[in-house]
Amino acid sequence: MKVTSFLDNLNPQQQEALLCCKGPLLVLAGAGSGKTRVITYKYAYLIKNKKMPPNSILTVTFTNKAADEMKFRIRDILKMDCASTWIGTFHSQCSRILRKEIKALGYSPDFCIYDDEDQNTLIRQILKEFKMYEALYKGVASRISYLKACLISPEEFLTSGDSYGFDERLARIYRRYQEELKKANALDFDDLISLTVRLFKENEKILQKYQDTFSYILVDEFQDTNIAQYTLLKMLAERDRNICVVGDDDQSIYKFRGANVGNIPRFEEDFPERKIVKLEKNYRSTQNILDVSGAVISRNVNRKEKRLWTDRGAGEKVYYALLANEVDEARYIAKTIKDLFLKGRYQFKDFAILYRLNILTRPLEEALRSEGIPYKVVGGISFYQRKEIKDILAYMKLAVNNNDNVSLRRIINVPQRGIGQATMSKIEHEAKKKGISLFEALKVIARSDSVVSATKENLIEFMKLIEELATLREGRAEEMLRFILNATGYGEGLEEERIQNIEELVSSAEDYPVRTFLDRISLYTNLDDMPEGDAVSLMTIHIAKGLEFPVVFIIGLEEGILPYFKVAETPEDLSEERRLFYVGMTRAKDLLFLTTVRQRRLYSRLQQQEPSRFIKDIPRDYCHLIEKIRDSEVRPKCKEAVVAEVPYPAGCRVRHPKWGIGVVRDCYGEGDDKKIMVNFPSVGIKRLAVKFANLERLG
DNA sequence: CGAATTGAGTTTTTT
DNA sequence: ACTCAATTCG
């Protein structure tokens with residue numbers, strides 16, 4: 001493919017993003033603006049035109065799916081094998097670096113990777129030992145994860161006083177947790193990033209080596225990076241300053257996992273010579289959908305102003321339906337889908353139903369079933385997190401890394417082999433006394449006479465099993481898996497479905513060596529299973545990010561649900577909820593349906609619902625209002641939400657004492673808080689409080 | 001050691 | 001209402 005043909009397929013802004021190959025570049029890519037295309041083409045352009053070797057471009061994504069898709073496209077464009085390229089997730093790239101360099105940090109390169117479940121198990125065990133309420137583990141886990149994402153070590157946290165919500169108990173648990181990880185020669189997901197940062201901080205030579213290796217850095221979904229990830233990028237890019245980050249602050253919806261939108265302004269400060277390119281042409285939605293979603297998101301403060309446009313035309317108005325309860329809501333949606341399907345314009349797979357909370361699927365599934373509409377709930381427990389899969393893999397992990405205490409605990413009595421709590425306590429005690437791993441301690445106990453002979457035999461048998469497995473660790477994964485299944489009898493008496501899962505695991509091992517296989521699945525936490533066949537998709541808005549559908553329904557647009565009542569406390573949280581709504585709306589290509597109910601049964605409680613505050617930010621003119629509530633039940637409040645009187649309708653002109661005449665873009669808020677957005681030719685778009693602005697309306 | 005009962009807590013989840 | 005998990009009993 002010639003350079004010119006890359007350019008032919010891009011609009012002027014996209015071309016600009018592609019051609020800027022020297023120095024730092026920030027690409028603000030609106031929803032549906034062809035971001036992936038730009039990144040992929042840019043990568044190809046750097047190789048073809050700038051003659052960069054493929055291995056000198058570090059490309060970072062957040063999901064394996066995004067990385068795989070990119071590799072697929074590159075393979076297609078350049079006819080190039082992408083197996084050894086540096087295209088991958090933050091975590092896989094860091095793991096690759098650490099496997100090579102981690103000795104410099106005193107870990108063994110055989111380290112295993114703990115997923116969230118392993119992490120939780122370990123934390124719970126520590127809580128138990130500290131005699132703390134175990135149910136706290138979720139909060140503890142997320143706070144530890146947050147600290148790690150901010151590169152705060154236990155020591156730093158201990159001396160941090162009041163910052164970072166200091167809590168003495170948390171500090172002790174955190175410190176102990178890190179010690180246990182180190183003992184087990186295990187890294188959790190956050191460690192993969194933070195230890196790579198530490199590696200570079202403490203070893204100038206190693207950092208230089210990777211700075212030399214990477215002559216260009218490309219980052220996708222930059223708005224989702226956390227502090228640790230940003231620091232990593234900054235260290236690598238600091239010297240040569242050839243880095244391109246692509247993101248959209250309006251689509252930052254993972255704050256709760258440590259993502260920090262502040263990294264966008266931070267990037268601008270750290271790389272003051274950066275160029276900025278905005279991608280505002282949208283290739284996905286109708287203008288109506290863009291206007292409605294744009295009106296909602298424009299209420300957020302401190303965002304990078306973007307005005308998405310399309311040449312697709314206005315399209316149909318957005319449908320906003322007000323319904324009596326969740327059963328009506330579900331029926332309304334099912335019926336609408338059926339109607340549209342029967343008209344022949346859409347297939348079932350063209351529809352997506354999006355929601356804030358998983359719990360909202362229940363009535364939906366019922367209604368869809370009764371209309372005979374095929375559907376698939378996307379998300380939920382992923383393949384590799386199933387119990388049977390994790391059990392089998394725990395054997396494998398323990399064989400490769402005998403120090404993996406969490407895996408040992410997991411399988412020592414699974415399937416049952418008569419090693420119970422009493423015996424386990426003895427092993428724990430021994431391990432603690434001698435400062436050795438549980439497996440070493442188990443060997444000691446097995447040789448001693450401190451347990452009854454039956455138990456002793458059981459221990460010896462388990463020990464032999466693991467040692468035998470260990471001899472297979474240089475071999476093929478499939479072989480080891482078969483051995484595990486035979487030797488343990490795992491699967492005997494199991495449900496058919498679980499046995500099938502195990503079979504699938506074995507066949508997915510293909511020809512991989514044991515270690516490669518383990519690494520792969522430790523970092524591939526979900527098999528990106530988009531629904532096959534013709535079925536309506538049900539998923540959370542979070543999961544829908546990055547996807548698109550011709551027809552989108554967003555349900556449960558009520559106070560307490562979106563925005564969710566537990567997060568809607570700070571303005572930041574509220575902004576994120578608004579972004580979530582925005583992400584949901586911008587998934588739609590042709591038709592967008594929004595629903596609110598008056599009454600909803602939630603956690604067995606019947607609740608009166610108020611329409612989401614975001615609804616009133618939708619300009620009335622862009623909406624079909626559909627009310628399916630029997631007249632006697634209509635509460636005026638619901639109606640007001642959408643029909644709220646606007647003294648300054650969009651498009652009308654006003655005179656400001658200082659800035660002269662401007663065109664009203666928008667007016668929102670209530671009473672004294674009523675705000676107005678006006679475009680003045682002299683000063684641009686201004687946001688004003690109606691009460692103080694002293695405006696004069698002109699016609 | 002395993003089964004049954006009681007009790008608490010209910011978001012979102014790329015890796 | 002329902003799930004998941006810890007504690008208690010056999």
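Chain letters run A, B, ... following the sequence lines, proteins first and then strands; every chain starts at 1.
- The distance from atom NE2 of A:His91 to atom P of B:dT13 is 17 Å, rounded to the nearest whole Å.
- Look at OH on A:Tyr114: it is 21 Å from P on B:dT15, rounded to the nearest Å.
- A:Ile193 comes within 4.0 angstrom of nothing in the nucleic acid, heavy atoms only.
- Of the residues in residues 252-261 of chain A, those lying under 4.0 Å from DNA chain B by heavy-atom distance are A:Tyr254, A:Phe256, A:Arg257.
- Under the salt bridge (charged side-chain N to carboxylate O under 4.0 Å, His left out) criterion, A:Asp188 pairs with A:Lys148, not counting sequence neighbours.
- Straight-line distance between the C1' atoms of B:dT12 and C:dA5: roughly 23 Å, to the nearest whole Å.
- In this structure, A:Glu117 atom CD and B:dT13 atom C1' are separated by 15 Å, rounded to whole Å.
- Between the P atom of B:dT15 and the OH atom of A:Tyr384 lies a distance of 12 Å, rounded to the nearest Å.
- Annotation for A:Glu461: atom CD does not count as buried by contact number, only 12 or fewer foreign heavy atoms lying within 6.0 Å.
- Remark: P of B:dT12 and CZ of A:Phe62 are 21 Å apart, rounded to the nearest angstrom.
- Nucleotide B:dT14 holds its C1' atom 16 Å from the CD1 atom of A:Ile113, rounded to whole Å.
- As judged by a 4.0 angstrom heavy-atom cut-off over every strand, A:Ile419 is placed among residues touching the sugar-phosphate backbone only.
- At whole-Å resolution of the value, CZ in A:Arg601 and P in C:dA1 are 7 Å apart.
- Partners of A:Phe256 according to the ring-ring contact (aromatic ring centres under 6.0 Å, His included) rule, which considers only residues two or more places apart in sequence or in another chain, are A:Tyr254, A:His542.
- Both A:Thr540 and A:Asn413 sit near DNA chain B, but only A:Asn413 has its closest nucleotide nearer the 5' end.
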Quick one: which protein N/O atoms are closer than 3.5 Å to N/O atoms of nucleotides 2-5 of chain C? Pair and distance per line, please.
residue: C:dA5; atom: O3'; partner: A:Arg124; partner atom: NH2; Å: 3.4

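- The phosphate of B:dT15 (OP1 or OP2) has a side-chain N or O of A:Asn64 nearer than 4.0 angstrom.
- Across all strands, A:Asp115 comes closer than 4.0 Å to no nucleic acid atom at all (heavy-atom distances).
- Partners of A:Tyr137 according to the ring-ring contact (aromatic ring centres under 6.0 Å, His included) rule, which considers only residues two or more places apart in sequence or in another chain, do not exist here.
- For A:Lys387, the side chain to side chain donor-acceptor pair (under 3.5 Å) partners are A:Asp391, not counting sequence neighbours.
- In this structure, A:Arg520 forms a cation-pi arrangement with A:Tyr524, its terminal cationic atom sitting closer than 6.0 Å to the ring centre and no more than 45° off the ring axis.
- The ring-ring contact (aromatic ring centres under 6.0 Å, His included) test applied to A:Phe200 returns A:Tyr210, not counting sequence neighbours.
- Checking B:dT11, B:dT15, B:dT14 against every side-chain atom of A:Tyr603, the shortest atom distance belongs to B:dT11.
- When distances run from any side-chain atom of A:Leu357 to the nucleotides B:dT13, B:dT14, B:dT11, the shortest one goes to B:dT11.
- Applying the salt bridge (charged side-chain N to carboxylate O under 4.0 Å, His left out) rule to A:Arg369 yields no partners; only residues at least two apart in sequence or on another chain are considered.
- Across the protein-nucleic acid pair, A:Glu69 atom CD and B:dT14 atom P stand 17 Å apart, rounded to whole Å.
- Residues passing the ring-ring contact (aromatic ring centres under 6.0 Å, His included) test with A:Phe62 are A:Phe90, sequence neighbours excluded.
- For B:dT12, the OP1/OP2 oxygens have a side-chain nitrogen or oxygen of A:Asn358 closer than 4.0 Å.
- In this structure, A:Arg498 is not positioned above the aromatic face of A:Tyr490 in the sense of NZ or CZ being under 6.0 Å from the six-membered ring centre and within 45° of the axis.
- Nearer to the 5' terminus of DNA chain B, by closest-nucleotide assignment, is the contact made by A:Arg417 (compared with the other of A:Arg417 and A:Glu576).
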